[in-house]
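FYI, side chains are in, hydrogens and waters are out, and symmetry mates aren't considered; it's all heavy atoms of this structure. By convention in this document, chain letters (A, B, ...) are assigned in the order of the sequence lines, proteins followed by strands, and residues within each chain are numbered from 1.
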Amino acid sequence: MARTLIKDVLTTPPTGQEITIGGWVRTVRNSKGGFSFLALNDGSTIAQLQVVADGKLPNYAAELVKLTAGCAVLATGTLVQSQGKGQTVELQATAVQVLGWADPEAYPIQPKKHTFEFLRTQAHLRARTNTFAAVTRIRNVVSMAIHDFFQQRGFIYVHTPIITASDCEGAGQMFRVTTLEANPPAGAPRPDPNDDFFGRPTYLTVSGQLEGETYACAMGNIYTFGPTFRAENSNTPRHLAEFWMVEPEMAFCDLEGDAETAEAFLKHIFRTALERCTKDLEFLSEHVDATVLPTLTAIVASDFERVTYTEAVALLEKSGRTWQYPVGWGTDLQTEHERYLTEEVFRKPVVVTHYPAAIKSFYMRLDDGTAPGRATVAAMDVLVPKIGELIGGSQREERLDVLLQRMAELKLRPEDYWWYLDLRRYGSVPHAGFGLGLERTLQFITGMANIRDVIPYPRAPRSAEF
RNA sequence: UCCCCGGUAGCUCAAUGGUGGAGCGUGCGGCUGUUAACCGCAAGGUUCUUGGUUCGAGUCCAAGCCGGGGAGCCA
């Protein structure tokens, strides 16, 4: 069943060559003049190829006039210039084989506009729509662009574990991994975690960072790219229970280098998407969010804004706005504050740095020379319009005594982090890294409003169908 | 988890407390090198569930389930 991808067919000059394509019928227009137009899509590109099926084909009356949306066909013919408008080339079929029928009374994907809510209930078929196919192709290109960026810079791709024993950093509720009986019979003793598969409580990872740091402190620059799990009961268009995260970690790097890498990284991703997914982005710009193309184009050409947390708070305080959540040094920035900064003040991505130590994680490096009561850490968040936080990162605390002090303040037990602390005992080095949410990045690129529409099978509270 | 909105034909949506409709899709017919074609006819309903108010409930009330938006948590 050798076939040519429609993507390639459409970029080939029509010289009457014979080709075979396989695809799914989008629309059929039967002409009583004795032939039919089949619009076929094979997923390789947003565009469809028009196949002209002549009435003289042996299975024309028996099969081809009965084709409807969703049917799978294999079409062979000659590629010619189209006589009609709307397409430059078309396939003059010499044979059309129907491989799979799709009952038109039952097939859910009608040739009409469907809501994303409805298509979420048909997640196994929604990739057959233009929008989800476009998002899927962009997700592919972005994933490869992520690897490109780091590989070109000599970063080593490291696979950190999915199953972890470290209840680390309080980065959120974790999914328990166990082989113990979920519901022991009444009266039975409670299962002991020591009897569990790993001999201790284990969870799905919420971050590969701590393990990533250990490899950065041996390999120099590394990155992880894999699934991440959060058991938070978050019901928003920006959260998933299972999502993909990219986490670079760089030895011999400070916060400044971290922020520079983050900016270059995002621009590389956006630029690659613009170059390699032009048609798909044009479609999304036309049908989903008109700001997508102009925004991406502008960002690639501009510099991200940099402000410290202290400067950001000052901007919010003098905004003249009334905030639902009060603004003041020491409180975390709320969604309304972040959106104001990135959507109204700067109108582009903003890197906010040096947050108060009290509201950030234990592993972030304590800034030197801060005023009493105003301790900050070398943290950074990259905020973008609409989506909010796309990247969160920091320079890590490399000084053993300072780190132990911070852990004591937060009542973290050093023995639980013995291997993490060893990095600070043996050849400790300034290092920094960040985490990028793949799905949020895709939301920003595609303009899709709900994160559940940029991953094939979204996992969220009470939602694990398929 | 909290707040707000919603759930009616396959899909998108109408319907003063008084006989549930339209567009699209589907089926049939007509027409056409057509473009999510066009014209006509037809089929298609446990109005999310349970209970309540009422002579009478899609409509009002309560609880639950599901979906969406906002918030928190974060990526």
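With C1' as the reference atom, B:rA42 and B:rG25 are 14 Å apart, rounded to whole Å. Taking atom P on both B:rA57 and B:rC61, the two are 15 Å apart, rounded to the nearest angstrom.
In this structure the side chain of A:Thr295 reaches within 4.5 angstrom of the side chain of A:Phe444, judged on heavy atoms.
With hydrogens and angles ignored, a donor-acceptor pair under 3.5 angstrom links the side chain of A:Gln87 to the base of B:rU34. A donor and an acceptor atom sit less than 3.5 Å apart, one in the side chain of A:Ser234 and one in the base of B:rC73. In this model, no side-chain donor or acceptor of A:Arg29 finds a partner on the base of B:rC38 within 3.5 Å.
For the pair A:Arg365 and A:Asp254, the salt-bridge criterion is not met [side-chain N within less than 4.0 Å of a carboxylate O]. For A:Arg396 and A:Glu249, the salt-bridge test passes: some basic side-chain N is under 4.0 Å from an acidic carboxylate O.
Of the two residues near RNA chain B, A:Ala69 and A:Met245, the one whose nearest nucleotide lies more 5' is A:Ala69.
In the set B:rG70, B:rC73, B:rU26, the nucleotide with an atom closest to the side chain of A:Pro237 is B:rG70.
Pair assignment for B:rA15: none, as no Watson-Crick or G-U wobble contacts are both less than 3.5 Å.
The interatomic distance linking A:Ile146 (CD1) with B:rA75 (P) rounds to 16 Å, in whole Å. In this entry the distance linking CD of A:Gln110 with P of B:rC24 reads 12 Å, nearest Å.
Of the possible polar contacts, none joining the A:Arg139 side chain to the A:Leu442 backbone as a donor-acceptor pair under 3.5 Å is found.
Among the protein residues, A:His114 comes within range of the sugar-phosphate backbone only, with heavy atoms under 4.0 Å from sugar or phosphate atoms but none that close to a base. Contacts of A:Pro108 with the nucleic acid, taken as non-hydrogen atoms under 4.0 Å apart, are absent. Base contact: A:Ser82 has a heavy atom under 4.0 Å from a base atom.
Using a 4.0 Å cut-off, some side-chain N or O of A:Thr115 falls inside it from OP1 or OP2 of B:rU12. For the OP1/OP2 pair of B:rC73 and a distance below 4.0 Å, the side-chain nitrogens and oxygens of A:Arg238 include no atom meeting the criterion. For the OP1/OP2 pair of B:rG72 and a distance below 4.0 Å, the side-chain nitrogens and oxygens of A:Thr335 include at least one atom meeting the criterion. Contact check, A:Asn450 against B:rG67: no side-chain N or O comes under 4.0 Å of OP1 or OP2.
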